[in-house]
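Beneath this line is the structure, given in structure tokens, with notes to follow.
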Amino acid sequence: MKTNAKKLKRNLFIASFIIPTFLFFCVFTIYPVIQALQKSFYDWSGMSENSEFIGFDNFVEIFKDPIILRAIGNDYFLVVGKVIGIMILATFFAVALTRFKLRSAGFFRAIFFIPNVISVVVIGVLWNFIYNPQIGFLNAFLSLFTEKKVDITWLGFPQHTIWMLLPPTIWAGIGFYMILMIAAIVNIPASYYEAANIDGAGQWSQFRHITMPLIWEQIKVSVVNIVITTLNGSFVIVQLMTNGGQPDNTTQVMGSYLYRMAFQQYHFGYGAAIGVMILIVSLITTFILQRVMRQEAIEMS
Amino acid sequence: MTIKNPLAKLLVWIILAIWTVAVIYPLLWTLLDALKNNEQFFLNAPWALPKFPLLWSNFSYVWSKYNFGTYFMNSIIVTVGSTLLGMILSAMTAYILARYEFRGNKILYTIYISALMIPFALALIPLFFLLNDLHLINTWLGLILVYAALNLPFGIFLLIGFYKSLPKEIEEAAIIDGTSHYGTFFRVMLPLSQPGLITVMITNMLNNWNEYFLGVVLTNEPTKYTLPIGLAVMQAEMQYRVEWGPLFAGLLITTLPTLIVYMIYQRQIASGITAGAVK
């Protein structure tokens, strides 16, 4: 009898601690996600009376929509650019601030993380100012080296504007991944490096044969994380720096197109389908990446 | 190991110095530009120092004329509310999932962890209609609830790791002393998990203070904007009305609180990120 009462008490305690949170989570995360999946099969303008089941029509539409294809291409462009830019710099900084035993390592580490605590809106506005044709820093800086004043509208070239979105996003992302790399490097036993030193292995070969293979897991995690955050979050920087995909939809990404379709043109069903596309694209990409990078790890060791 | 080759050493130092400038420069010049008038923007190089008298009035101007005072208040309320709610809920769930065996434990864990992978853009449209139905559009409560939910998976993930690292004997001792389950959690475990809770608090705080994507959809009344939304609106207005100095003052008002929090809690932030990731 006594143990039963005890058990009841324990179960009540468990229930009282997890059920409120789970219900809350169901209402504000799981339910909206399921709704989005469901509404992607509807022609839906926002008023519930106007919603009509149309099967896969939204998705068929997506594959015929040149803007969404461009948007997916842009998303991939940003993913690849960010992965390359961030991972090279973050790994370099992490190695420099750990393996090279600099006295001011702590200082650099603290400074390099600062962009990660700044709102992406602030970053967008700041970089708009750097690119500004009249009063911007970039033109003024380049003018120092030329006779004529440089007057380039950096965000105005349809075919290349997407390139201009890479520097701010890389600038903003490095600190976080640098900290991850530092943690991974610090975890490598010092004896590995000592042994390599005795064998006369140089700096570069230590990096290739000890550091790289042992932080590969962390690199994998970081790359996947960059893919997810980029596909999910590039919307904001596009919204702020190129006015939601301008010029002429050439900088459109899936997130900004979802926003435009749903909240500016009231095609909520189509918007939901774009949301599902973002999920599918990121799942497929992370899956492929994990396969490819596992291969890579085997070849390296 | 230190670098022996002086040339290589110099190169490393140069790269580190360049990146330091690349990070500090925009912030420093935000401050200096916040003290300029339009004339100074157009006539001088961007790196020119502001002329005397310094225009500190840009700050009060943006605070009242562009409603940054209101946005600031909204940001404080929404950030504090969502951070506290998120922290409490994730601590309770993480404690149970880390310390109690029961049916469904694994499933719950998997659900919360998979949510880390979901693109939130997917939930955006239904969330808008849900909040609309609940009459929570343009309310502090609406943003608080959504932001708290957004932060739950990461908080749970991080705190599970933390609770698992605490020795089991502590609870056993408390139970033997006759402390109830609730007493054990609130009087023993919660105080012990303070370092983990602080990490969750700071990451949530930074996320919620800086959030824009959901905020812009869930508010459309200027009186309820948070700082990032107000700032984005102000920048859009610059096409018609050029007031660069006040815009930079607004940038600084938005950024300063997070910079201060970062400077105070720098170590916890770094250790929190690594605790969450290297596992």
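Residue numbering restarts at 1 for every chain, and letters A, B, ... go by the order of the sequence lines.
With a threshold of 4.5 angstrom between heavy atoms, B:A236 does not approach chain A through any atom at all. Using a 4.5 Å cut-off between heavy atoms, A:Q38 does not touch chain B at all. Interface remark: B:L227 contributes no atoms to any contact with chain A (heavy atom separation under 4.5 Å). Only the side chain of A:N128 comes within contact range of chain B, judged by heavy atoms closer than 4.5 Å. Of the two parts of B:M238, neither the backbone nor the side chain holds a non-hydrogen atom closer than 4.5 Å to a non-hydrogen atom of chain A. Using a 4.5 Å cut-off between heavy atoms, A:I274 does not touch chain B at all. Interface remark: B:I269 contributes side-chain atoms only to the contact with chain A (heavy atom separation under 4.5 Å). Contact annotation for A:T286: only side-chain heavy atoms (C-beta onward) come within less than 4.5 Å of a heavy atom of chain B. Residue B:W47 touches chain A through its side chain alone, counting heavy-atom pairs closer than 4.5 Å. Using a 4.5 Å cut-off between heavy atoms, B:S180 makes no contact with chain A at all. Only the side chain of B:L206 comes within contact range of chain A, with heavy atoms under 4.5 Å apart. Neither the backbone nor the side chain of B:V261 comes within contact range of chain A; no heavy atom of the residue lies under 4.5 Å from a heavy atom of that chain. The parts of B:I118 that come within reach of chain A are both its backbone and its side chain, each placing non-hydrogen atoms under 4.5 angstrom from that chain. For B:I96, the part lying near chain A is the side chain, with the backbone staying farther off; criterion is any non-hydrogen pair under 4.5 Å. Neither the backbone nor the side chain of A:N139 comes within contact range of chain B, judged by heavy atoms closer than 4.5 Å. Proximity to chain A is absent for every atom of B:Q40, based on heavy atoms less than 4.5 angstrom apart. The part of A:N243 that comes within reach of chain B is its side chain, from C-beta onward, which places non-hydrogen atoms under 4.5 angstrom from that chain. Using a 4.5 Å cut-off between heavy atoms, B:F41 touches chain A through backbone and side chain atoms alike. For B:L247, the part lying near chain A is the side chain, with the backbone staying farther off; criterion is any non-hydrogen pair under 4.5 Å. If you measure heavy-atom distances from A:F92 to chain B, the contacts under 4.5 Å come from the side chain alone. Interface remark: B:W209 contributes no atoms to any contact with chain A (heavy atom separation under 4.5 Å).
A centroid separation of 6.0 Å or more is found between the aromatic rings of A:Y259 and B:F213. When ring centroids are compared, A:F100 and B:W13 stay outside the 6.0 Å threshold. Taking the six-membered ring wherever Trp is involved, the centroid distance between the rings of B:F185 and A:F17 falls below 6.0 Å. The distance between the ring centers of B:F129 and A:W44 falls below 6.0 angstrom.
Taking a 6.0 Å sphere around CD1 of B:I107, one finds it holds 12 or fewer heavy atoms contributed by other residues, nucleotides or ligands. No more than 12 heavy atoms of other residues, nucleotides or ligands sit less than 6.0 Å from atom OH of A:Y192. Counting heavy-atom neighbours within 6.0 Å of A:F141 CZ, excluding the residue itself, gives a total of 12 or less. For B:E39, the CD atom counts as loosely surrounded, since its 6.0 Å shell holds 12 or fewer non-hydrogen atoms of other residues, nucleotides or ligands. In the displayed structure, B:F128 atom CZ is contacted under 6.0 Å by more than 12 heavy atoms of other residues, nucleotides or ligands. B:F102 CZ: more than 12 foreign heavy atoms inside a 6.0 Å radius. Under a cut-off of 6.0 angstrom, the local environment of CZ in A:R260 is crowded, with over 12 non-hydrogen atoms contributed by other residues, nucleotides or ligands.
Note that OH of B:Y100 is 11.5 Å distant from CD1 of A:I18, once rounded to the nearest 0.5 Å. Here CG of A:L89 is found 8.5 Å from CD1 of B:I15. Values are rounded to the nearest 0.5 Å. Of the inter-residue distances, the one linking A:I111 atom CD1 with B:Q266 atom CD reads 9.0 Å to the nearest 0.5 angstrom. Separation of atoms CG (B:L127) and OG1 (A:T29) is listed at 7.0 Å; rounding is to 0.5 Å. Atom OH of B:Y25 and atom CD1 of A:I130 lie 7.5 Å apart (nearest 0.5 Å). Atom CD1 in A:I123 sits 8.0 Å away from atom CG in B:N210 (nearest 0.5 Å).
At distances below 3.5 Å, at least one donor-acceptor pair connects side-chain atoms of B:T258 with backbone N or O atoms of A:V117. The closest donor-acceptor contact from the side chain of B:Y262 to the backbone of A:N116 lies at 3.5 Å or more, if one exists at all.
The two residues B:I125 and A:A272 have their closest heavy-atom pair at CD1-N, 3.5 Å. A pairwise comparison of heavy atoms in A:S16 and B:M92 identifies O-CE, 4.3 Å as the closest pair. What you find for B:E101 and A:R10 is that their closest heavy atoms are O-NH2, 2.9 Å. The shortest heavy-atom contact between B:A232 and A:V121 is N-CG1, 4.0 Å. Nearest approach of B:P119 to A:I278, heavy atoms of both residues: CB-CG2, 3.8 Å.
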Check against side-chain contact (heavy atoms from CB on, under 4.5 Å), B:L152 and A:F24
CA-CA 10 Å; B:L152 266 183; A:F24 175 72; 3.9 Å; yes
Hey, mind stepping through B:V12 and A:F93 against side-chain contact (heavy atoms from CB on, under 4.5 Å) and telling me if it holds?
CA-CA 9 Å; B:V12 169; A:F93 290 147; over 6 Å; no
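Note: A:I174 leads A:L231, A:I174, A:L97 in heavy-atom pairs under 4.5 Å with chain B. Listed options A:G233, A:A36, A:G175, A:S119 were ranked by heavy-atom pairs under 4.5 angstrom with chain B; first place goes to A:S119. Considering only heavy-atom pairs separated by less than 4.5 Å from chain B, the leading option among A:F176, A:Y31, A:F28 is A:F28. Ranked by heavy-atom pairs under 4.5 Å with chain B, the list A:I228, A:I135, A:V186 is led by A:I135. The greatest number of non-hydrogen atom pairs below 4.5 Å with chain A, out of B:Y182, B:F120, B:F42, is found for B:Y182. When each of A:V33, A:I118, A:L37 is checked for heavy-atom pairs under 4.5 Å with chain B, A:I118 comes out on top.
Proximity of A:I30 to B:I111: side-chain heavy atoms (C-beta onward) are separated by under 4.5 Å at one or more points. Taking the side chain as every heavy atom from C-beta outward, B:M117 and A:L283 approach each other to under 4.5 Å. Between A:V122 and B:L231, the closest side-chain pair of non-hydrogen atoms falls below 4.5 Å. Between A:L102 and B:L16, some side-chain heavy-atom pair lies under the 4.5 Å cut-off. Residues A:L126 and B:W29 fail the side-chain proximity criterion, which asks for heavy atoms closer than 4.5 Å. Looking only at side-chain heavy atoms (C-beta outward), B:L89 and A:F25 stay at 4.5 Å or farther from each other.
Classification of the B:H181-A:F13 ring pair by plane angle, with boundaries at 30° and 60°, yields parallel.
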